[in-house]
Number of protein chains: 2
Amino acid sequence: MSNTPIRPSDGELAILRVLWSRGPSTVRDVLTELSKVRDMGYTTVMKLMQIMVAKGLVVRDESARTHIYQAVQEEESTQSFLLKELMDKAFEGSASSLVMRALSSTKADERELDEIQAFLKRLKKERR
Amino acid sequence: MSNTPIRPSDGELAILRVLWSRGPSTVRDVLTELSKVRDMGYTTVMKLMQIMVAKGLVVRDESARTHIYQAVQEEESTQSFLLKELMDKAFEGSASSLVMRALSSTKADERELDEIQAFLKRLKKERR
DNA sequence: GTAAAAATGCGAAGCGTTTCGTTGACATAT
DNA sequence: ATATGTCAACGAAACGCTTCGCATTTTTAC
């Protein structure tokens, strides 16, 4: 059972986000959603999604004429993967320094800070 | 005063890390350091560093025959930049969800968690 | 002084990502 | 049944990143 996560490129990640939020979708669905932000052609999105099938990032249902695509990996595991990658590349693998940098360089408001604090407490409890 | 941060590529980031930890260095210095991890040729590193000069990621002192390179941006601002980028691309711009994902998906030990907690407290104090 | 070693600069090739034009298959409406 | 529109498939081009070979210049060592 090789559960090796696959690194999505930037464009692929944008598509994955649509699939995560919308659930199984067609190429046109994704294009419509992406068009709100980026400006891409139909075949561009299609090609990317075909490549993603080849990579194993998505699966597709070809039973109908219009194929339906679905993300293979969970959003959470992809997020974890990308974080780990950045951690290794720019934070010497230290989770805490990444977290502290994230906290100090963004304007997380009071409510968010509280949320994180509560989360930390829960985490510490679980860890013993 | 255009303080637009420039996105370093992976290879460039690896070089930047050497420059941040060693301070101003020659191509050979960087190569020696990088060789411990990756396996690259001299001209490869050199070319990358030349491109970095062109991009404005590093400056170099050409007064001596052997040029000396120095990072332009601080490590902190580059880290912030990369975090912000990931935040936008994979966390809908939410700092707290990024932080919580980072915390739950890594094995930060007790000490690190304490450190973060203390940091949070300090941060909240400063914020008012 | 000459040979060897080291540094710079240039150009190009390989690769992955992104983009899109074109073609052919299929569906729908007239 | 024919015209119009939608879709999938393919190939190619453009771009950035990475790598390296080669030529040239400079330093060092004998």
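Labels below follow one simple rule: chain letters A, B, ... track the order of the sequence lines, proteins then strands, and each chain is numbered from 1.
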Can you measure A:Asp10 atom CG to D:dC17 atom P for me and round it to whole angstrom units? 12 Å
Backbone N/O of B:Ala90 and side chain of A:Gln79: donor-acceptor pair under 3.5 Å: yes
Value in whole Å for how far the P atom of D:dG16 lies from CE of B:Met52: 17 Å
Main-chain N/O of A:Gln73 paired to A:Ser77 side chain as donor or acceptor, under 3.5 Å: no
Under 4.5 Å between side-chain heavy atoms, counting indirect links through other Ile/Leu/Val/Met/Phe/Trp/Tyr residues: same cluster for A:Leu123 and A:Leu113 or not? yes
Assess the side chains of B:Asp29 and B:Thr26: does a donor N or O sit below 3.5 Å from an acceptor N or O? yes
Can you identify which nucleotide, out of C:dA7, D:dT18, C:dT19, has its nearest atom closest to the B:Tyr42 side chain? C:dA7
Answer yes when A:Glu85 and A:Arg7 have at least one side-chain N-carboxylate O distance shorter than 4.0 Å, and no when they do not. yes
From CE of A:Met40 across to P of C:dT18 the rounded distance in Å is 8 Å
Check each residue of residues 22-37 of chain B for a non-hydrogen atom within less than 4.0 Å of any atom in DNA chain D, then write out the ones that pass by number, or none. none
Counting N and O atoms only, with roles assigned by atom type, does the side chain of B:Thr106 sit under 3.5 Å from a partner on the main chain of B:Ala102, one being a donor and the other an acceptor? yes
Verify the cluster assignment for B:Ile51 and B:Ile68: are they in a single hydrophobic cluster under the rule of side-chain heavy atoms below 4.5 Å apart? no
Write down the distance between CD1 (B:Ile51) and P (C:dG9), rounded to a whole number of angstrom. 13 Å
Which residue lies more 5' along DNA chain C, comparing A:Thr44 with A:Pro8 via nearest heavy atoms: A:Pro8
Common cluster, B:Leu83/B:Ile6, ILVMFWY with side-chain heavy-atom separation under 4.5 Å: yes
Atom pairs under 3.5 Å: protein N/O with N/O of nucleotides 10-12 of chain C:
from	atom 1	to	atom 2	distance (Å)
C:dG11	N7	B:Lys47	NZ	3.4
C:dG11	O6	B:Lys47	NZ	3.4

How many whole angstroms separate atom CG of A:Asp39 from atom C1' of C:dT19? 12 Å
Taken to the nearest whole Å, CD1/A:Ile15 to C1'/C:dT18 is 10 Å
In whole Å, I'd like the distance from the CZ atom of B:Arg7 to the C1' atom of D:dG16. 12 Å
Do B:Gln117 and A:Lys121 meet the criterion of a side-chain donor-acceptor pair at a distance under 3.5 Å? no
Provide, to the nearest angstrom, the distance between the CE atom belonging to A:Met49 and the C1' atom belonging to D:dC10. 18 Å
Heavy atom of residues 53-70 of chain B under 4.0 Å from DNA chain D: which residues? B:Lys55, B:Arg65
